[in-house]
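All ligand and atom numbering here is 1-based and tracks the order in the structure. Please read all numbers here as calculations on a predicted model, not as lab measurements. Hydrogens, waters and symmetry mates are skipped; everything else that's a heavy atom, side chains included, is used.
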Amino acid sequence: MARLRSRVSDVMTLRPDIIAKGPRDWRAPPNLADFDNARATFTWDAARRELAGLPGGGLNIAYEAVDRHLNTAARDHIALRWIGRRGQRRLISYAELAAHSNRFANVLRALGVDKGERLFLLCGRIPELYIAALGALKNGSVVSPLFSAFGPEPIQTRLAIGEGKVLVTTEALYRRKVAPIRDRLPRLQHVLLVGEDGKTTAVPGTLDLVTLMANAADACEIEPTGAEDAALLHFTSGTTGTPKGALHVHGAAITHWATGRYALDLHADDIYWCTADPGWVTGTSYGIVAPLMHGVTSIIDEAEFDAEHWYQLLQEQDVSVWYTAPTAIRMLMKGGPEAARRYRFPRLRFIASVGEPLNPEAVWWGKDVLGLPIHDNWWQTETGGIVIANTPALPIKPGSMGKPLPGMDAAIVRRREDGAIEEITAPDTEGELALKPGWPSMFRGYLNQEERYRKCFAGGWYLTGDLAKRDADGYYWFVGRADDVIKSAGHLIGPFEVESALMEHPAVAEAGVIGKPDAMVGEVVKAFVSLNSGYTESEALRMELLGHARKRLGAAVAPKEIAFLPVLPRTRSGKIMRRLLKARELGLPEGDTSMLEGSS
Ligand code: AMP
C-alpha cells in the first residue's frame, strides 16, 4: 500500500483539482442534467406524485418497490439476480417477488404479527432476506436489519431495545449467535429459520420458513399504511450509551425514489449493483428499496469481498450502475490496475460511493482504470437517504462529497457560547454540517430515547454530528466526526459498546476505545485497558481479550488492537478521555487537559 500510495501521489501532483463533465462523458442522458434548475424547481410534493400510492390511499414502501410494477412492462423483468456463495444462481422477477413477499406477509398474519410490531432480519445476502423485508412491510410490520457479522452481544442489545417479536435468520447464524442469548430475549416470540440451500429445518424453538411459505397463499391485501407510519428501524451507534434505534416511515420511499433518480441516475434498463450489506442502512435504502422502485435489475452477491470476483461480476453481469464504498475501492486499488485491466466493463456508466471519506486518488483511479470517475456522496442512518452528492450533472472536485441534492438544504453551523446556532457563510470554514429538516426519509425518532432525539435539533437545523466545510462553489468537504464514534470499513462503531464488552472480562478494570487511522479501512478499533489487581499484562492475556471481544461482538465490531495502561486518563467527573488516548496514540498535541483527573 505504501508503494502504491507514493506512486499514486506522484501522479496526483499533476492532477487538476476538478473533473469537468459534459454530454460527451454521459453514456446515457442523465436524469439530472441541469442541477441548478432541478434544485430551483424540485418539491417533495411533486416527487410524492411520482409514486403510485396504495389503491384507496396511503403509502407502503413494498407496494412502491414491487407491486406497482405489476401492471407495467416491468412485471416480468428480473428484479433480483442472486449469485450464491458457491456460484448458485437465482433469478426473481418483479411478479415473483410480489408473490413471494405476499406469502411472507401471510405467514406473519397467520402468526398474529400486527401492524407496527417489529421484525428483525439477521441473514447474509440471501433472497429470503429481500422477500422477508418486503413481505413484512406489506404486513405493516417494522423491519430492522442486523449485520450478520455481529456477535451475540450486539444482536441481543438491538433485539432487546427494538422489542423484536419476530426474527428471520439462517440455521447457522441461529445456532452460533442467537441460541446462546435466546433466554435473554423474552419478547422474541417467533424465530423463522432459513435452512442451508433452502432446505427445511427442525431446530427446537424455531419455525421452518420453507414450510410456512409453502403453506401460505400468494395473494395478500397490503396493510393500508400511511406515509407517517413506521416502516424501518435502523440501529446506529453513539459515543455513549446503548445503540440508537432510528425510526423511519413509509414516506421515506419518496426520498428513495428521488435520490435513486438523481444521485444514482437509475434508469429502468439498468443492471445495478449495491455492494452494501442490507444489515446497514445503505443496503436497505439502496440495496432493496430505491432500485426496485426504479424497476431495475439488482445484483445480489452473497460472497464476501474478493477483488478478482468483483471484477468478474462487474463484467459478466454487465453492471451499468455501481454503488460501493471507499474501503472496497481502496482494496481494489491495492491489487493494482493490471487486475482490473484483465476485464472489460462496456456497460458500466455510473459509479458512486458512500460511507466514509473517498480519497481523491480513488476518484481518479476510477477514471484511469475503470474509465469513469467515482461519485462520492454523503448521508447517514438518520437521514435515511442520500443528501449530498456528486451527480452526473456537475464537475467533480475529487475529495469533495458534492452538493446538496434537490429538496435538501444544508449549512455549516457553529454553536455560539450562548447556545444559539449560527450559520457560517464564509467559504472554507470548518463547522458542523446541518440540514434543514423536512425531507421525507428523515428519521422520526430514536426509539424510546426522546431526549437524545431532541438534542439533534437546534435553531431550526438537524445537526449531523459531522464536521465539514463548504467551498465558494457550494461543494461540501468532509472534515471528521464531531464525536468519538468510529468508522471502520464503512461501519459505524460505538466505542461504548466495545468498552462494555471488554469490561465484562474479569481481568479488565477499565477500557477506553478509539478509532486509529488506517489507510485501508479508514479506522481500526483500538482498545486501551487497565487491569484488575491479580492480573498482569502479557501477550497471552492480550490474545485472550481480543478473542473474548471477538466472540461477543463479532469480527466487524471487535478491537483489532489492545494495549495495556496502568490507568486510563479520566475527566474529573470520571469519564474516560478517549480524545486524549487518541492524541497520545497519534503523537498529537493533547489539547485542553484541564478537565483531566489529577490535573491542578
Ligand atoms: P451511518 O449512519 O452508519 O451510515 O454512518 C454515517 C456517517 O458516515 C456520517 O455521519 C459520516 O460520518 C460518514 N460518512 C458517510 N458518507 C460519507 C462520505 N461520503 N464522506 C465522509 N464521511 C461519510
Side-chain angles (χ1 to χ4, degrees), residues 145-147 149-150 154 158 232-239 243-248 252 255 259 263-264 274-287 323-330 351-360 362-363 366 373-391 396-405 408 410 430 432-435 441-443 446 456 462-470 475-495 497 515 517 521-523 556-557:
L146 295 171
F147 189 37
F150 278 156
R158 286 158 180 77
L232 293 156
L233 176 67
H234 287 292
F235 281 89
T236 184
S237 296
T239 308
K244 303 173 279 188
L247 262 180
H248 292 274
T255 307
T259 50
L264 299 179
C274 170
T275 60
D277 189 276
W280 301 95
V281 71
T282 305
T284 310
S285 297
Y286 297 100
Y323 194 21
T324 189
T327 293
I329 296 166
R330 288 190 290 265
I351 311 176
S353 160
V354 73
E356 358 152 23
L358 184 69
N359 352 19
V363 178
I374 297 170
H375 296 73
D376 187 19
N377 60 50
W378 178 96
W379 59 291
Q380 54 181 194
T381 303
E382 286 83 347
T383 71
I386 302 170
V387 174
I388 294 173
N390 287 285
T391 60
I396 296 178
K397 294 192 185 186
S400 156
M401 309 186 287
K403 292 189 178 189
L405 286 170
M408 306 288 189
E430 185 180 316
E432 185 165 355
L433 176 62
L435 308 172
S441 67
M442 193 180 87
F443 71 134
Y446 289 130
C456 298
Y462 162 63
L463 304 172
T464 65
D466 278 2
L467 302 174
K469 295 178 186 177
R470 182 182 51 215
Y475 284 72
Y476 282 74
W477 299 74
F478 182 78
V479 173
R481 295 278 312 182
D483 57 21
D484 291 337
V485 171
I486 300 161
K487 250 288 152 124
S488 186
H491 303 144
L492 212 57
I493 296 170
E497 203 168 10
V521 297
E523 291 182 311
V557 182

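- The ring-ring contact (aromatic ring centres under 6.0 Å, His included) test applied to F478 returns no partner, not counting sequence neighbours.
- Figure legend: R158 and F150 shown as a cation-pi pair, the cationic atom lying under 6.0 angstrom from the six-membered ring centre and within 45 degrees of its axis.
- Residues passing the ring-ring contact (aromatic ring centres under 6.0 Å, His included) test with H375 are F350, sequence neighbours excluded.
- With sequence neighbours left out, the ring-ring contact (aromatic ring centres under 6.0 Å, His included) criterion links F235 to no other residue.
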Tabulate distances under 3.5 Å between N/O atoms of ligand 1 and N/O atoms of the protein, writing both atom names on each line.
from     : atom 1 : to   : atom 2 : distance (Å)
ligand 1 : 2 (O)  : T381 : N      : 2.8
ligand 1 : 2 (O)  : T381 : OG1    : 2.5
ligand 1 : 5 (O)  : K487 : NZ     : 3.0
ligand 1 : 8 (O)  : G355 : O      : 3.4
ligand 1 : 8 (O)  : K487 : NZ     : 2.8
ligand 1 : 10 (O) : Q380 : NE2    : 2.9
ligand 1 : 10 (O) : D466 : OD1    : 3.1
ligand 1 : 10 (O) : D466 : OD2    : 2.9
ligand 1 : 10 (O) : R481 : NH1    : 3.0
ligand 1 : 12 (O) : D466 : OD1    : 2.9
ligand 1 : 12 (O) : D466 : OD2    : 3.0
ligand 1 : 12 (O) : R481 : NH1    : 3.4
ligand 1 : 14 (N) : G355 : O      : 3.3
ligand 1 : 16 (N) : G355 : N      : 3.2
ligand 1 : 19 (N) : D376 : OD1    : 2.8
ligand 1 : 19 (N) : D376 : OD2    : 3.4
ligand 1 : 19 (N) : N377 : O      : 2.7
ligand 1 : 20 (N) : E356 : O      : 3.4

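- A heavy-atom distance below 4.5 Å is not found between the side chains of I493 and V485.
- The shortest side-chain heavy-atom distance between D466 and W378 falls under the 4.5 Å cut-off.
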